[in-house]
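This report concerns only the one structure given below.
Please read these numbers as outputs of a predicted model, since none were measured by experiment. Worth knowing before you read on, the calculation uses all heavy atoms, side chains too, and leaves out hydrogens, waters and symmetry mates.
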Amino acid sequence: MSSISQTLTNITVGYQALEERVMISTLTTLPTCVFLFINSIMLFTLRSKPVFRETCRYILLYNLLFADTVQLAQSQIHFLLAVLRIRISYPVCAFLVGFTQLTAVISPLTLVVMPLERYVAVCYPLRHGTIITIRNTGAAIIVIWAISFLNIIIRTLLFLALFEKLDKIEVKYLCSEIGILLGSKSDHFDKAFTCIVFVAAGVAVIFSYIGVIVAARSASTDKALAIKARNTLLLNLFQLILSLSSTIYYPLLVPLSVTVTRIVLVRIQNVFYLFFIILPRCLTSLTYGLRDQTIRPVLIYHLCCRLKCPVVEDKG
């Protein structure tokens with residue numbers, strides 16, 4: 001899967017002036033640190049009260065937010081490695097890229113499960129408590145991580161099969177998935193896996209949305225719950241689009257690389273990095289945290305450093 005480590009291409013890094021590199025580093029690092037702080041508060045919030053720890057949809061949200069937070073931190077590490085022109089060996093780079101790939105798969109796979117949970121809540125409310133349990137949710141999260149690990153294992157095996165004496169090889173210019181590209185077989189596997197994951201997530205969201213709309217027309221359905229579930233599914237679809245944006249980052253740059261000058265390409269890459277890499281990983285906590293009426297007061301309370309904010313009502 002195309003990961004957020006693809007921050008700059010190796011053919012353009014050397015063309016940035018020192019002043020511009022410092023400015024770009026500052027403009028990306030500061031908002032990244034701010035949103036890492038917000039995401040950390042959100043993660044703490046989701047573990048601060050029993051209502052969050054014992055509700056399946058909040059457990060899934062925690063898994064999604066954790067993956068996005070790690071992705072955000074990893075992207076900035078790769079970006080700074082590129083800007084500072086730090087060369088590292090293939091094994092170290094492969095580990096960093098592999099860890100990034102691991103968490104990159106978690107978000108869309110979690111978005112396969114979250115819509116189905118809302119579908120069961122609306123369409124099968126009497127069976128929701130027996131189907132969507134903490135145990136089953138934990139099992140689903142384990143499966144999500146297992147699939148992601150399997151993806152990394154396959155890529156690692158391809159890597160080891162194609163290269164020897166990896167500890168003596170340095171990555172030229174920067175450490176990124178581009179820098180350790182394994183060849184056509186790995187590229188084909190990567191594209192196929194990405195398509196399968198995002199198609200599965202898209203089908204899950206659309207199927208659940210249609211099911212909720214049909215159920216909302218039934219006289220026996222809780223109308224308020226159906227409306228909330230519909231809005232949540234639209235939010236899931238929006239989050240899926242945000243996750244997908246990071247996979248089109250590099251393909252968008254390929255045609256531009258042959259039509260614009262190298263310095264212009266670098267500046268375009270920096271803009272793409274902000275919009276396709278940083279922002280999607282920052283919006284998860286804001287869209288879910290501020291929208292949810294249960295999370296919002298607790299989140300604002302912790303963001304205010306536990307001061308008494310007038311809008312906060314501690315619900316216990």
*What are the two closest heavy atoms between Ala67 and Ser107, and how far apart are they?*
CB-OG, 3.8 Å
*Do the rings of Phe149 and Trp145 sit parallel, tilted or perpendicular, given the 30° and 60° boundaries?*
tilted
*For the atom pair OH (Tyr62) and CD1 (Ile141), what is the distance rounded to the nearest 0.5 Å?*
10.5 Å
*Side chains of Val113 and Leu109: does their closest heavy-atom pair fall under 4.5 Å?*
no
_Nearest heavy atoms of Arg53 and Ile134, plus distance in Å_ = O-CD1, 4.4 Å
*Are any of the side-chain heavy atoms of Ile300 and Arg296 separated by less than 4.5 Å?*
yes
*Would you say Val143 and Ile152 are hydrophobically clustered, going by side-chain heavy atoms of ILVMFWY under 4.5 Å?*
yes
*Apart from Ile196 itself, residues in the same hydrophobic cluster as defined by side-chain heavy atoms under 4.5 Å*: none
*asked:* When you measure from the side chain of Ser148 to the backbone of Leu102, do you find a donor-acceptor pair of N or O atoms at a distance under 3.5 Å?
replied: yes
*Quick one: sort the Tyr119 and Tyr124 rings into parallel, tilted or perpendicular, breaks at 30° and 60°.*
perpendicular
*Quick one: does Phe193's side chain get under 4.5 Å of Val105's, heavy atoms only?*
yes
*Could you go step by step and tell me if Arg118 and Val205 meet the side-chain contact (heavy atoms from CB on, under 4.5 Å) rule?*
CA-CA 10 Å; Arg118 290 291 83 197; Val205 174; over 6 Å; no
*Would you check if the side chain of Thr133 reaches a backbone N or O of Asn136 as a donor-acceptor pair within less than 3.5 Å?*
yes
*Looking only at atom types and distance, does a side-chain atom of Thr130 sit under 3.5 Å from a main-chain N or O of Arg127, one as donor and one as acceptor?*
yes
_Contact check, side chains of Leu61 and Arg57, non-hydrogen atoms, under 4.5 Å_ = no
*asked:* Ring of Phe52, cation from Arg47 - is the NZ or CZ under 6.0 Å from the centre and inside 45° of the axis?
replied: no
*Would you confirm whether Ser48, through its side chain, and Thr45, through its main-chain N or O, come within 3.5 Å as a donor-acceptor pair?*
yes
_Any side-chain heavy-atom pair of Asn236 and Leu240 under 4.5 Å_ = no
